[in-house]
Amino acid sequence: MSGTDDKPRNGFFDSLRARTVSTDVSGTVPRGLKIATAYAWRFLVLAAAIAVMVWIVIQLRLLIIPLLAAILITALVWPMFTLLLRRLPRWLALVITLLVTVAIIGGLLWVAIWQITQDAASVRNRTIAGIGQFRDYLIDGPLHLTGREIDDAVRQGFGMLQEQAQLLWSGALAIGSTIGHVATGILLTLFILICILADGGGIWRWVVRLFPQRARDAVDGAGRAGWRTVITYARTQLLVATIDAIGIGVGAALLGVPLAAPIGVLVFLGAFVPFVGAVLTGALAVFLALVYNGPWIALWMLVIVLGVQQIEGHILQPLLMGAAVKVHPLAVVLAVAGGAMIAGIAGAVFAVPLAAFVNVVWLYLSRRGWEKPVDAGPDDLIWSTVPRSRRMTA
């Protein structure tokens, strides 16, 4: 054999790299520009991969949203389910958990619908009268507005509200626009919930076996770390929702604000959208008090809303859970806003737990947590719980 056969043969990509990089011009390109372009093409590849994932999720939205809803509900009922498992067979614990969950949801909806049917007429009449009085004040008061200016402003405001409502209700990941889609999503969510509670461990082991042997420890550890984060998030938000709903609902009832029960239900549901939900539902309670009861009752309603949220966040929640929730406000607000823009109401609800899950999984994998424990500090996480001892010494 000749001596030339001993030379290593370069592949096609090696030859292409040599031709494109080792040129006369490459030596004159600044190092900063080379680094910037290296980051740029990697960013483009990452953005393309994310875009493909979002497109796939949009196409499978009727499956993805019930799956995420079932996982979040599982995290909410998991403490009760595990408590029942210690004393009862799995099938009986599953049945009791489902019955209690359905009873709570059905009871809340029944109370809200019942009071709405009882007070709807009086609230509508009082709202029309209050709006008329406010219109007269704008015309005869110090602003001296004209009726046409008021009508134009109201028309613009309603147009803006309709645009925002359409953005939320018809987001890319909305469950569906028909009753059939909604019913299918509810049944699918219930079926997935039953499957997870019945054999969640077996399902997860099957998912882990889909990965190569060398990656299974990393996938298993990352998934379990993310699941613990979601459970803690769900437990915390359930506590927040319960305290806020009871405090604001009872306060509205004592002040004579109409629709106190529906306000409590909305506050409970809105608490699962961090920050944004509390602001919107609290503002709705204050608005109803202003229209129906006048400015002084509305002021007291505002005091109750702010007071309940402060007591819940700084006293009751640390006392009952033994931990203070540390949330990075900017990250959470951006996650909720981005989720709402991409996926409507569903995106706003799932944005924070999904971001927290991805955050924990990323830290676990990047720090090789399956080889050594990952000590992720509060500053590393978008959402975390901080023990009281650490908070007091900080």
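For the single chain, residues carry numbers from 1 onward in sequence order.
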Would you check if L190 and I194 make a side-chain contact, meaning some heavy-atom pair closer than 4.5 Å?
-> yes

Taking all heavy atoms of P295 and all of L290, pick out the closest pair and write down the distance.
-> CA-CD1, 3.8 Å

Linking I/L/V/M/F/W/Y whenever any side-chain heavy atoms sit under 4.5 Å apart, do V100 and W91 land together?
-> yes

In terms of hydrophobic clusters joined by side-chain contacts under 4.5 Å, are I263 and I246 together?
-> no

I96 side, atom CD1; L88 side, atom CG - distance, nearest 0.5 Å | 5.0 Å

Using atom types as modelled and distance alone, determine if a side-chain donor or acceptor of R235 lies under 3.5 Å from a backbone N or O of I231.
-> no

CG on D199 to CG on L94, rounded to 0.5 Å = 11.0 Å

Would you say L108 and L269 make side-chain contact, with heavy atoms under 4.5 Å?
-> no

Is there a path of hydrophobic side-chain contacts, each under 4.5 Å between heavy atoms of I, L, V, M, F, W or Y residues, that connects I104 with L109?
-> no

If you round to the nearest 0.5 Å, how far is CD1 of I196 from CG of L67?
-> 6.5 Å

Taking C-beta and beyond as the side chain, do F191 and L187 meet within less than 4.5 Å on heavy atoms?
-> no

Is the backbone of A93 close enough, under 3.5 Å, to the side chain of R87 for a donor and an acceptor to pair up by distance?
-> no

Measure the spacing between CD of Q237 and OG1 of T242 and express it to the nearest 0.5 Å.
-> 10.5 Å

For the residue pair V257 and I297, establish whether any side-chain heavy-atom pair is separated by less than 4.5 Å.
-> yes

Does F268 reach the side chain of D244, with side-chain heavy atoms less than 4.5 Å apart?
-> no

Has the side chain of D220 got a donor or acceptor atom that lies under 3.5 Å from a matching backbone atom of V208?
-> no

Reported CG-to-OG1 distance for the pair L193 and T74, which is rounded to 0.5 angstrom = 4.5 Å

If two hydrophobic side chains count as joined below 4.5 Å and joins carry through other members, does L99 share a cluster with L238?
-> yes

Give a yes or no on this: more than 12 heavy atoms of other residues, nucleotides or ligands lie within 6.0 Å of atom CH2 of W300.
-> no

Look at the rings of W227 and W78 and say which category their plane angle falls in: under 30° parallel, 30 to 60° tilted, over 60° perpendicular.
-> perpendicular

Which atoms form the tightest heavy-atom contact between Y364 and A225, and what is the distance?
-> CD1-CB, 4.3 Å

Take I304 and L254 through the side-chain contact (heavy atoms from CB on, under 4.5 Å) test and state the conclusion after the steps.
-> CA-CA 11 Å; I304 290 176; L254 293 177; over 6 Å; no

How about T184 and L62: do any of their side-chain heavy atoms sit closer than 4.5 Å?
-> no

What is the minimum heavy-atom distance between A261 and V111, and which atoms define it?
-> CB-CG1, 3.5 Å

Linking I/L/V/M/F/W/Y whenever their side-chain heavy atoms sit closer than 4.5 Å, directly or via other members, would L85 and I73 fall into one cluster?
-> yes

Which heavy atom in A260 sits nearest to a heavy atom in A253, and how many Å separate them?
-> CB-N, 3.7 Å

What closest approach, in Å, do R155 and D152 show between heavy atoms, and which atom pair accounts for it?
-> NH1-OD1, 2.8 Å

Rounded to the nearest 0.5 Å, how far apart are CZ of F272 and OH of Y233?
-> 8.0 Å

When every non-hydrogen atom of V361 is compared with those of G226, the smallest separation belongs to CG2-CA, 4.5 Å

Does the side chain of F357 come within less than 4.5 Å of I71's, by heavy atoms?
-> no

Side-chain donor/acceptor of R216 to backbone N/O of R209, under 3.5 Å | yes

After noting the C-alpha distance and the side-chain angles of I56 and V52, does the key distance pass the side-chain contact (heavy atoms from CB on, under 4.5 Å) rule?
-> CA-CA 6 Å; I56 293 174; V52 171; 4.0 Å; yes

For the residue pair N293 and P258, establish whether any side-chain heavy-atom pair is separated by less than 4.5 Å.
-> yes

